Amino acid sequence: MQTLEQALIPFFEQAAKRDKTLLRELERDPCFTLMPDRWCFTLPDLFSFLQPRSEAIGKVSYKEFRCAIYTTSINAATRHYGAEVVIDRNHGQVDKSVYALTWRNREDGTST
């Protein structure tokens, strides 16, 4: 059985690598904002997006998912691809704040 970490790390690596299929999915979802230098999301929206796409995430509660987001080394994995997850807009509550996967380099390889 796949663990939460085994589900989260590859997903964020795929996003960090700017996988075109994944980015098209994210762009079509009205809950997300995709810009040239970042992808913005809330944790509840990310959970809803990933639940039907991952058996491991589909079997856990939102609370377990949120805990895993904070204990999994997502940034260590995404740094290899020039990306990191940051708080984009802090609304004082974890579930209301907006997070962003930011890319240090644009798709054409130049710095942002």
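All residue numbers in this chain count up from 1 along the given sequence. Just so we're clear, the structure is a prediction, and the values are computed from it rather than from any experiment.
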>> For a quick test of reading the model, state the closest non-hydrogen atom pair linking Ala56 to Leu4 and the distance between them.
In response: O-CD2, 3.8 Å
> Side-chain contact, heavy-atom cut-off 4.5 Å: Pro44 with Tyr62?
Replying inline: yes
> Do Thr42 and Asp45 meet the criterion of a side-chain donor-acceptor pair at a distance under 3.5 Å?
Replying inline: yes
>> Count I, L, V, M, F, W, Y as connected when their side-chain heavy atoms are under 4.5 Å apart, and connections chain through other members. Are Ile69 and Val60 then in the same cluster?
In response: yes
>> Check this for me, if you would: do Glu13 and Lys17 make a salt bridge, where the nitrogen-to-carboxylate-oxygen distance has to be below 4.0 angstrom?
In response: no
> Is the NZ or CZ atom of Arg18 both under 6.0 Å from the centre of the six-membered ring of Trp103 and within 45° of that ring's axis?
Replying inline: yes
> Is there a donor-acceptor contact under 3.5 Å from the side chain of Ser97 to the main chain of His91?
Replying inline: yes
> Are Leu26 and Val98 connected in a single hydrophobic cluster, I mean Ile/Leu/Val/Met/Phe/Trp/Tyr linked by side-chain heavy atoms less than 4.5 Å apart?
Replying inline: no
> Yes or no on side-chain contact (heavy atoms from CB on, under 4.5 Å) for Leu101 and Glu84, after CA distance, side-chain angles and deciding distance?
Replying inline: CA-CA 5 Å; Leu101 176 77; Glu84 70 177 324; 5.9 Å; no
> Where do Glu5 and Ser73 land on the side-chain contact (heavy atoms from CB on, under 4.5 Å) test, with the steps shown first?
Replying inline: CA-CA 8 Å; Glu5 184 170 5; Ser73 53; 3.9 Å; yes
> Does Gln51 reach the main-chain N or O of Ser48 with its side chain, forming a donor-acceptor pair under 3.5 Å?
Replying inline: no
>> Under a 3.5 Å distance rule, please check whether Glu25 uses its side chain to pair with a backbone N or O of Leu22 as donor and acceptor.
In response: no
> Hey, what do you get for CZ (Phe65) to CZ (Phe47), rounding to the nearest 0.5 Å?
Replying inline: 7.0 Å
> Do you reckon Leu46 sits in the same ILVMFWY cluster as Val86, going by side-chain contacts under 4.5 Å, direct or chained?
Replying inline: no
> Distance from Cys40 atom SG to Arg89 atom CZ, nearest 0.5 Å?
Replying inline: 5.5 Å
> Within the side chain of Thr78, is there an N or O that forms a donor-acceptor pair under 3.5 Å with the backbone of Ile74?
Replying inline: yes
>> Using every non-hydrogen atom in the two residues, find where Asp88 and Ala100 come nearest and quote the distance to one decimal.
In response: CB-CB, 3.9 Å
>> Closer than 4.0 angstrom, basic N to acidic O: yes or no for Asp37 and Arg104?
In response: no
> Does the pair Phe32 and Phe49 meet the rule for a ring-ring contact (aromatic ring centres under 6.0 Å, His included), with working shown?
Replying inline: CA-CA 10 Å; Phe32 302 128; Phe49 178 81; 5.3 Å; yes
> Of all heavy-atom pairs between Leu43 and Tyr99, which one has the smallest distance, and what is that distance?
Replying inline: CG-CE1, 3.8 Å
>> Between Trp39 and Leu23, is the side-chain contact (heavy atoms from CB on, under 4.5 Å) condition met? List the steps.
In response: CA-CA 9 Å; Trp39 159 53; Leu23 293 184; 5.6 Å; no
>> For the CE atom of Met35 and the OG1 atom of Thr102, what is their distance to the nearest 0.5 Å?
In response: 10.5 Å
> So how far is it from Leu8 CG to Thr72 OG1, rounded to the nearest 0.5 Å?
Replying inline: 5.0 Å
> Hey, mind stepping through Phe12 and Asn75 against side-chain contact (heavy atoms from CB on, under 4.5 Å) and telling me if it holds?
Replying inline: CA-CA 9 Å; Phe12 277 97; Asn75 275 337; over 6 Å; no
